[in-house]
Protein chains: 2
Amino acid sequence: MADGTDRPGHGAGGGRPLRLSAYLPYRLSVASNKASSIIARAYQARFGLTIWEWRVIAVLGEGAALTAQAICEATAMDKVTVSRAIRALDERGLIARTPSATDRRASDVALTKEGRAVYQDIAPLALDYERALLDGFSADERARLSDLLERLEARADALNADGDGF
Amino acid sequence: MADGTDRPGHGAGGGRPLRLSAYLPYRLSVASNKASSIIARAYQARFGLTIWEWRVIAVLGEGAALTAQAICEATAMDKVTVSRAIRALDERGLIARTPSATDRRASDVALTKEGRAVYQDIAPLALDYERALLDGFSADERARLSDLLERLEARADALNADGDGF
DNA sequence: TGAATTTAGTTGCAAATGATACTACCTTGC
DNA sequence: GCAAGGTAGTATCATTTGCAACTAAATTCA
């Protein structure tokens, strides 16, 4: 084995060795955290909003009133997190709940006037940040990134669904 | 406001509206969480390892003994998290600490025999998982994804560094 | 109909996390 | 060689998170 290829850290495994710094789930996690951290701090500092409260405001800002359940789906948050975010926003008067006409367990949640005002402040800032993040990416690269992320999500979903063999 | 063009959700802002489902930091976060969740559950279930303990093992498995500080840098974890992961792994006998020769505050951390055995089990599984995740991606697409993530990280770092205007 | 199951949303509790402060040690500059 | 400041790593405490259990209402189906 005097040939330098058999470095410590990987046995007879054959394929490429595991290097954390090149491992996709790790890379995704790091990129995601870096991308989120500034904006999260900004929203905390400027509006006193957690990232989950921000997400709820963002989807409600798109227009429609949504049930907590619909918010879960739209934000990829779980129902406990959504419940807590809704309560916090409600206490601050940024959203209002009205009993659902069709399901007495559920409420329709919508931004109040104040909530909409916050949204109007927040949205441009968020878009500015995204622009800054993608500065230097061509339109083609942006499209590719979007496509790759979408396919990655789809693969992960597929693995989550059946592949509990992992 | 009777004209239908002023849909709720974006004011006079001009550019594209904010849609959470198309917002890059959100997309990254969702993709990252999905990609990590299966593997995290697998490591928890099969080895009783948290994702941070796993990261520490992964970098130590690359060969060199590292100080906690070096592990922080290699894993993008903060020092408290690293400290806790090291303690847990130490208690389980998967790593050993030896006082650093050059700095009496620090220890060199390395995998024990048992730790290396765990690593040998873990690494192929992690690589299988990554392969499954990237199934259907051409070599070119993988390279592009890697490049895009790297540039994204660099942009985020730059914004984190100076752009506290956010 | 009406028992059994499912779903919407909340609550309580245990565990994980993060900020801060702390000890011990190192480094710098005088 | 020693005071002032910085760094490695740990401990402490408050907050956040996630799971499971719970209530109330809807749905299923015998």
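Keep in mind that what you see is a predicted model, and the values were worked out from it rather than measured. Chain naming here is simple, since letters A, B, ... match the order of the sequence lines and numbering starts at 1 in each.
Atom CD in A:Gln44 sits roughly 15 Å away from atom C1' in C:dT17 (whole-Å rounding). In this structure, A:Arg87 atom CZ and C:dA8 atom C1' are separated by 16 Å, rounded to whole Å. Atom pair A:Ile71:CD1 and C:dT10:C1' shows a separation of 15 Å (rounding to whole Å applied). One atom, CG of B:Asp103, and another, C1' of C:dT27, lie 11 Å apart when rounded to the nearest Å. Rounding to whole angstrom units, CG of residue A:Asp78 and C1' of C:dT7 are separated by 15 Å. Nucleotide C:dA16 holds its P atom 19 Å from the CH2 atom of B:Trp54, rounded to whole Å. Going from atom CH2 of B:Trp52 over to atom C1' of D:dT17 covers 11 Å, rounded to whole Å. Distance, A:Arg104 CZ to D:dT23 P: 18 Å, rounded to whole Å.
Toward the 5′ end of DNA chain C lies the nearest nucleotide of A:Arg105, the other residue of the pair A:Ile86 and A:Arg105 mapping further downstream.
Across all strands, A:Ser100 comes closer than 4.0 Å to no nucleic acid atom at all (heavy-atom distances). No engagement by A:Thr50 is indicated, since no non-hydrogen atom pair under 4.0 Å with the nucleic acid exists. Heavy atoms of B:Ser107 sit under 4.0 angstrom from primed sugar atoms or phosphate atoms, though from no base atom.
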Dump the intermediate steps for ring pair (Phe, Tyr, Trp, His ring centres under 6.0 Å) on A:Trp54 and B:Tyr23, then the final yes or no.
CA-CA 13 Å; A:Trp54 178 79; B:Tyr23 188 62; 5.6 Å; yes
Side chain to side chain contact (heavy atoms under 4.5 Å, CB included) for A:Tyr43 and A:Thr50? Distances and angles first, verdict last.
CA-CA 7 Å; A:Tyr43 287 143; A:Thr50 68; over 6 Å; no
Evaluate the criterion side chain to side chain contact (heavy atoms under 4.5 Å, CB included) for residue pair A:Gln44 and A:Leu49; output intermediate values, then yes/no.
CA-CA 5 Å; A:Gln44 180 60 57; A:Leu49 294 173; over 6 Å; no
Show, in sequence, the C-alpha distance, side-chain angles and deciding distance for B:Thr67 and B:Gln69, and conclude whether the side-chain hydrogen bond (donor to acceptor under 3.5 Å, both in side chains) test is met.
CA-CA 5 Å; B:Thr67 63; B:Gln69 169 56 26; over 6 Å; no
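The side chain of A:Val80 lies closest to D:dC19 when the candidates are D:dT10, D:dC19, D:dA26. Side chain of A:Lys79, nearest nucleotide from D:dG9, C:dG9, C:dA8: C:dG9. Checked against C:dT17, C:dT11, C:dG9, the side chain of A:Gln69 finds its nearest nucleotide in C:dG9.
A salt bridge links B:Arg27 to A:Glu153: at least one charged side-chain nitrogen sits closer than 4.0 Å to a carboxylate oxygen. A salt bridge links A:Asp128 to A:Arg131: at least one charged side-chain nitrogen sits closer than 4.0 Å to a carboxylate oxygen.
Residue A:Ser83 places at least one side-chain N or O under 4.0 Å from the OP1 or OP2 atom of C:dT10.
Within residues 89-98 of chain B, no residue is approached by DNA chain C to less than 4.0 Å at the level of any non-hydrogen atom.
With A:Arg151 contributing its side chain and B:Gly136 its backbone, the two residues share a donor-acceptor pair below 3.5 Å.
For C:dG18, the base has a donor-acceptor partner in the side chain of B:Arg84 [N/O atoms by modelled type, under 3.5 angstrom].
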